[in-house]
Each structure stands twice: as structure tokens, then as C-alpha cells.
Amino acid sequence: HFLAGSVHPSSNTVHSEEGLANDFACMIDNPEAAVTMLEQIADASVDLGFGHVIMCKSGKDRTSMAVTYEQCRFARRHHSLQEEQVWPLLNAMRIRGTRIMNVKKNTGHMHYAFNEIQVKFLPEWYRPPPETRSWGTDT
């Protein structure tokens, strides 16, 4: 379900506002459902020839998690990245990639600013590797 009253590209089914509201309610109970919805929207964007933008208020921490996750999804979809290669690649990008260098440039530290509680509530794919966590407040 993408937008109220929209047509899902694979089913030609029109989705109502009520259906969309139900989707959002499910996401509150199951944060992984929110990730699935974001994946579907990103995939539909690519399939339709559109782009999508990922950002948080500062463009560092949440953005870094989302961008590196999308890069791995892209590698799986277009470059035959195997399932067992996803986590190692994801962690390598988050530990040594350009996103952590962006954080260092902005903060002077090579740690994503997530506190312990925030990490517990992040969907699994959006959790930074332990060695990159500062346990500080999100900036």
C-alpha cells in the first residue's frame, strides 16, 4: 500500500485510506512491517524509473543506516549478492564506508549517535554495529 487511493503497480488494486490506516496501525505493533513498506516503496520507485531520497534531520545516523541498507538491497537485487554476504557487507560499509566518514566530518567522532534505548527499538537491519555506537544522544 503506497498512498491512499493509489493503485499498487503489481495488482492494479486501488487502496483506500482505511487500508492505509490499517497498514500504519500494523507498523506500530510490528516495526519490521515499516521496513517492509519502505522496501516496497523503494522497489516500486526503481521499477517505475523514479528515485527516492533518504534523510533524517541531520543526515548522519538514521540516514547512514538506511542508505547502507538500501545499498545492500541494491547489491542483492542487481549484482547477485548472496544472503550470507549481506550482513558482512552491511557492517563493513557502516564501519569503514563513506557514511561513517560523513559522521566523523560532522561530529569529529567515528560513532553513530544512538543511545541504548534507540538501538533496541530500531529494526534489526537499521542497527549500527556495536563498535560504531557512541551511546550518546542522537544529534
Side-chain angles (χ1 to χ4, degrees):
H1 304 244
F2 299 98
L3 298 173
S6 68
V7 177
H8 189 283
S10 64
S11 68
N12 293 327
T13 303
V14 176
H15 300 287
S16 67
E17 287 183 33
E18 182 179 314
L20 188 60
N22 289 338
D23 286 348
F24 286 121
C26 289
M27 285 186 275
I28 292 169
D29 295 334
N30 179 7
E32 297 299 327
V35 174
T36 300
M37 184 176 187
L38 290 172
E39 291 171 350
Q40 292 172 345
I41 292 168
D43 291 345
S45 295
V46 170
D47 292 345
L48 295 169
F50 301 133
H52 64 279
V53 176
I54 299 170
M55 62 184 177
C56 62
K57 69 177 184 171
S58 66
K60 296 185 315 292
D61 308 306
R62 290 181 197 88
T63 301
S64 295
M65 298 304 106
V67 166
T68 52
Y69 178 58
E70 281 299 312
Q71 289 171 324
C72 283
R73 284 181 15 86
F74 185 88
R76 282 212 22 106
R77 188 173 186 185
H78 299 286
H79 299 289
S80 304
L81 181 71
Q82 301 301 307
E83 183 68 33
E84 63 274 4
Q85 297 171 307
V86 172
W87 276 109
L89 177 60
L90 189 61
N91 285 330
M93 288 190 298
R94 290 175 175 172
I95 294 167
R96 294 180 291 280
T98 58
R99 302 307 308 181
I100 194 74
M101 298 311 292
N102 184 44
V103 170
K104 183 178 182 187
K105 237 177 147 172
N106 283 285
T107 66
H109 304 284
M110 290 184 69
H111 293 99
Y112 300 106
F114 291 104
N115 66 41
E116 195 169 355
I117 294 171
Q118 288 171 318
V119 170
K120 286 180 183 178
F121 284 97
L122 286 171
E124 185 178 20
W125 291 108
Y126 288 84
R127 294 180 186 156
E131 61 270 34
T132 65
R133 300 175 188 165
S134 69
W135 301 119
T137 57
D138 189 10
T139 55

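A quick note: this is a predicted structure, and the numbers were derived from the prediction, not measured.
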*Does any non-hydrogen side-chain atom of V46 lie less than 4.5 Å from one of R77?*
yes
Give the minimum heavy-atom separation between [X] and [Y], together with the two atoms involved.
X	Y	answer
Q85	S80	OE1-O, 4.3 Å
P128	T132	CB-OG1, 3.5 Å
A42	R73	CB-NH2, 4.0 Å
V103	H111	CG1-O, 3.2 Å

Test your reading of the model: is there a side-chain donor-acceptor pair from [X] to the backbone of [Y], 3.5 Å cut-off?
X	Y	result
N102	T98	no
S134	Y112	yes
R133	F114	no

Please say yes or no: joined through hydrophobic side-chain contacts below 4.5 Å, possibly via intermediate residues, are [X] and [Y] part of one cluster?
X	Y	value
L90	M110	yes
W87	V35	yes
V67	M65	no
W125	L89	yes

TODO: Take Y69 and I54 through the side-chain contact (heavy atoms from CB on, under 4.5 Å) test and state the conclusion after the steps.
DONE: CA-CA 11 Å; Y69 178 58; I54 299 170; over 6 Å; no
When you check the gap from the basic side-chain N to the acidic O, do E83 and R76 get nearer than 4.0 Å? yes
Quick one: do the T68 and R94 side chains pair a donor with an acceptor below 3.5 Å? yes
Rounded to the nearest 0.5 angstrom, the CG-CD distance for D43 and E70 is 7.5 Å
